[in-house]
Amino acid sequence: MEECSMSGDSYTPQPLDRDARFYVAGHRGLVGSAVARKLRSEGFTDVVGRTSSELDLTDRGAVFAFFRETRPRYAVLAAAKVGGILANSTYPHDFLSINLQIQLNVMDAALEVGVERLLFLGSSCIYPKFAPQPITEDSLLTGHLEPTNDAYAIAKIAGILQVQSIRRQHGLPWISAMPTNLYGPGDNFSPTGSHVLPALIRRYDEAAASGADTVTNWGTGTPRREFLHVDDMADACLHLLEHYDGAQHVNVGTGQDVTIREIAETVAAVIGFEGLTEWDTSKPDGTPQKLLDVTKLTDSGWTAGISLEDGLRSTVDWYREHAGALRG
Ligand SMILES: NC(=O)c1ccc[n+]([C@@H]2O[C@H](COP(=O)([O-])OP(=O)(O)OC[C@H]3O[C@@H](n4cnc5c(N)ncnc54)[C@H](OP(=O)(O)O)[C@@H]3O)[C@@H](O)[C@H]2O)c1
């Protein structure tokens with residue numbers, strides 16, 4: 001998608017006011033909790049959030065009432081219905097409908113009260129299944145999506161368009177970021193709802209604890225994936241809000257990928273699982289490779305700092321410490 005000339009483009013990125021109110025939508029989730037941690041550690045004094053039971057973001061009236069009451073100056077939209085291949089392919093309508101509703105409600109209400117800087121978070125699944133690798137931002141809408149998560153992807157593409165339309169029609173300097181696969185403390189480790197890396201951590205940890213000889217993973221293990229620690233993601237969010245302005249979304253990743261087989265071996269080693277790994281090739285692999293081109297992000301002055309091995313170790317530690325209180 002071409003970057004358009006917009007009135008929002010006249011904005012010059014600058015440091016955010018640490019005392020202004022900052023709303024993190026989805027502040028209990030993997031990304032939102034990391035963003036809230038990052039903001040507080042960077043001196044933001046008025047970070048607000050609401051759980052989904054306090055404020056259901058699909059309830060349009062309640063969302064407008066919340067924004068009129070709290071009037072945040074900045075916002076990160078990290079609330080979404082999120083899941084792995086199984087959840088996405090089983091409940092496509094939920095992923096489409098709930099995410100469209102959350103995005104429309106939050107952005108329309110934020111527009112009404114004039115939120116100055118808003119960062120919308122999409123996902124790398126917005127890109128065509130066979131997009132040239134590494135995937136540049138320009139690949140958007142150039143081919144067919146991966147069918148297992150097309151409904152979710154279309155909702156996220158609509159979110160990018162919403163940010164661009166608000167920039168063009170209302171001149172607000174809002175931006176969008178498309179993260180690669182994320183992992184870290186606070187992730188969803190549930191057997192049916194989780195992404196590949198937390199699913200692997202749980203599977204290998206349970207196998208090690210039960211003394212199982214074998215772990216069976218879905219697919220062939222050959223697809224290549226990129227993983228970014230969520231604390232790096234949160235750092236990138238603040239960086240973009242303070243250093244980037246433009247209609248085009250920005251990829252956020254490490255710029256390096258590994259095979260699922262390699263990641264499974266690393267997880268097994270970090271966990272201490274000494275048995276065999278088998279691959280159930282009757283199960284789908286998903287997209288063969290997904291590596292983001294992060295040139296735009298790098299050019300803006302940011303690169304990832306947490307290595308996969310370090311990030312995995314701290315995530316496994318967190319998983320074990322919270323084993324009795326995980327979501328899902
Ligand atoms: N995880 C990844 O690998 C990844 C990769 C790329 C992009 N992203 C993007 O990052 C964003 C956040 O993902 P995540 O991994 O942090 O997801 P997550 O851990 O599942 O967190 C999502 C949060 O959204 C909130 N939420 C969901 N439905 C809601 C509703 N109806 N009303 C209010 N709040 C609601 C939940 O709040 P409660 O906890 O209060 O219920 C939850 O904390 C998403 O846009 C996702 O597309 C994630």
Side-chain angles (χ1 to χ4, degrees), residues 23-38 48-63 66 75-85 87-88 91 94-107 109 118-127 135 149 151-160 162-163 176-190 192-201 225-234 236-237 249-254 263 286-287 290 292 311 315 325-328:
Y23 170 48
V24 181
H27 73 296
R28 274 204 315 191
L30 172 64
V31 178
S33 61
V35 169
R37 274 197 308 277
K38 175 71 188 169
V48 296
R50 295 287 185 275
T51 66
S52 56
S53 43
E54 292 165 343
L55 173 65
D56 179 355
L57 294 173
T58 64
D59 180 340
R60 191 165 173 86
V63 174
F66 168 75
V76 169
L77 178 40
K81 180 163 180 61
V82 175
I85 295 179
N88 265 282
Y91 307 107
D94 287 357
F95 281 86
L96 183 72
S97 177
I98 293 171
N99 286 314
L100 284 174
Q101 289 179 66
I102 290 174
Q103 292 162 198
L104 283 169
N105 293 343
V106 170
M107 286 198 244
L118 180 145
L119 174 65
F120 167 64
L121 292 177
S123 162
S124 56
C125 69
I126 59 164
Y127 292 115
I135 310 171
N149 57 21
Y152 180 72
I154 290 287
K156 291 295 181 182
I157 292 169
I160 297 173
Q162 198 180 356
V163 166
S176 300
M178 297 304 120
T180 186
N181 300 297
L182 304 171
Y183 71 99
D187 211 340
N188 179 354
F189 288 88
S190 81
T192 52
S194 64
H195 286 112
V196 59
L197 214 156
L200 287 171
I201 290 175
R225 291 288 182 275
E226 178 187 11
F227 296 97
L228 179 73
H229 194 278
V230 74
D231 288 344
D232 269 343
M233 179 64 212
C237 289
H249 58 283
V250 182
N251 288 341
V252 181
T254 62
I263 195 87
T287 306
K290 212 155 67 173
L292 295 182
T315 305
L326 294 166
R327 54 187 164 135

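For the single chain, residues carry numbers from 1 onward in sequence order. Whatever order the structure lists them in is the order used to number ligands and atoms, beginning at 1.
- Counting heavy atoms under 4.0 Å from ligand 1, residue Y152 touches it through the side chain alone.
- The N/O atoms of L182, backbone and side chain alike, include one that comes under 3.5 Å of an N/O atom in ligand 1.
- Panel note: side chain K38, backbone D232; no donor-acceptor pair is recorded below 3.5 Å.
- At a 3.5 angstrom cut-off on N or O pairs, G29 counts as close to ligand 1.
- At a heavy-atom distance under 4.0 Å, no atom of H27 approaches ligand 1.
- Taking OG from S124 and CG from N149, the interatomic distance works out to 8.5 Å, rounded to the nearest 0.5 Å.
- The closest heavy-atom contact to atom 6 (C) of ligand 1, among the options L30, T180, N181, comes from T180.
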Is there a side chain to side chain contact (heavy atoms under 4.5 Å, CB included) between H195 and L182? Walk through the geometry before answering. CA-CA 9 Å; H195 286 112; L182 304 171; over 6 Å; no
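- At a 4.0 Å heavy-atom cut-off, ligand 1 touches V82 through the side chain alone.
- Put simply, CG on L77 and CG on L57 are 8.0 Å apart, with the number rounded to the nearest 0.5 Å.
- Of all the heavy atoms of L55, the ones lying under 4.0 Å from any atom of ligand 1 belong exclusively to the backbone.
- Of all the heavy atoms of K156, the ones lying under 4.0 Å from any atom of ligand 1 belong exclusively to the side chain.
- For the side-chain hydrogen bond (donor to acceptor under 3.5 Å, both in side chains) criterion with E226, the lone passing option out of T180, N181, N251 is T180.
- Residue contact check for ligand 1: N99 places no non-hydrogen atom closer than 4.0 Å to it.
- The NE2 atom of H249 sits 5.0 Å away from the CD1 atom of I160 when rounded to the nearest 0.5 Å.
- An N or O contact shorter than 3.5 Å is missing between R50 and ligand 1 by distance.
- In the candidate list S52, G49, A177, S52 is nearest to atom 37 (O) of ligand 1, counting heavy atoms.
- No side-chain donor-acceptor contact under 3.5 Å links N99 to the backbone of A80.
- In this structure, G83 does not count as a contact residue of ligand 1, since none of its heavy atoms falls inside 4.0 Å of the ligand.
- For the side chain to side chain contact (heavy atoms under 4.5 Å, CB included) test with Y183, the passing option among L228, L197, V230, L30 is L197; the others fail.
- Taking all heavy atoms of A80, G122, A78, S123 into account, the minimum distance to atom 9 (C) of ligand 1 is reached by G122.
- Interatomic distance, CZ of R28 versus CD of E54, reported as 7.5 Å (0.5 Å rounding).
- Considering both main-chain and side-chain atoms, V31 comes within under 3.5 Å of ligand 1 through a nitrogen or oxygen pair.
- At least one N or O atom of L121 sits closer than 3.5 Å to an N or O atom of ligand 1.
- For L57, a nitrogen or oxygen atom sits less than 3.5 Å from a nitrogen or oxygen atom of ligand 1, counting backbone and side chain alike.
- When heavy-atom distances to ligand 1 are checked against a 4.0 Å cut-off, N188 has no atom that comes that close, whether in backbone or side chain.
- Those atoms of ligand 1 with a heavy atom of T51 less than 4.0 angstrom away are 40 (O).
- To the nearest 0.5 Å, atoms OH (Y152) and CG (L96) are separated by 12.0 Å.
- A distance of 8.5 Å separates CG of D56 from CD of Q101, quoted to the nearest 0.5 Å.
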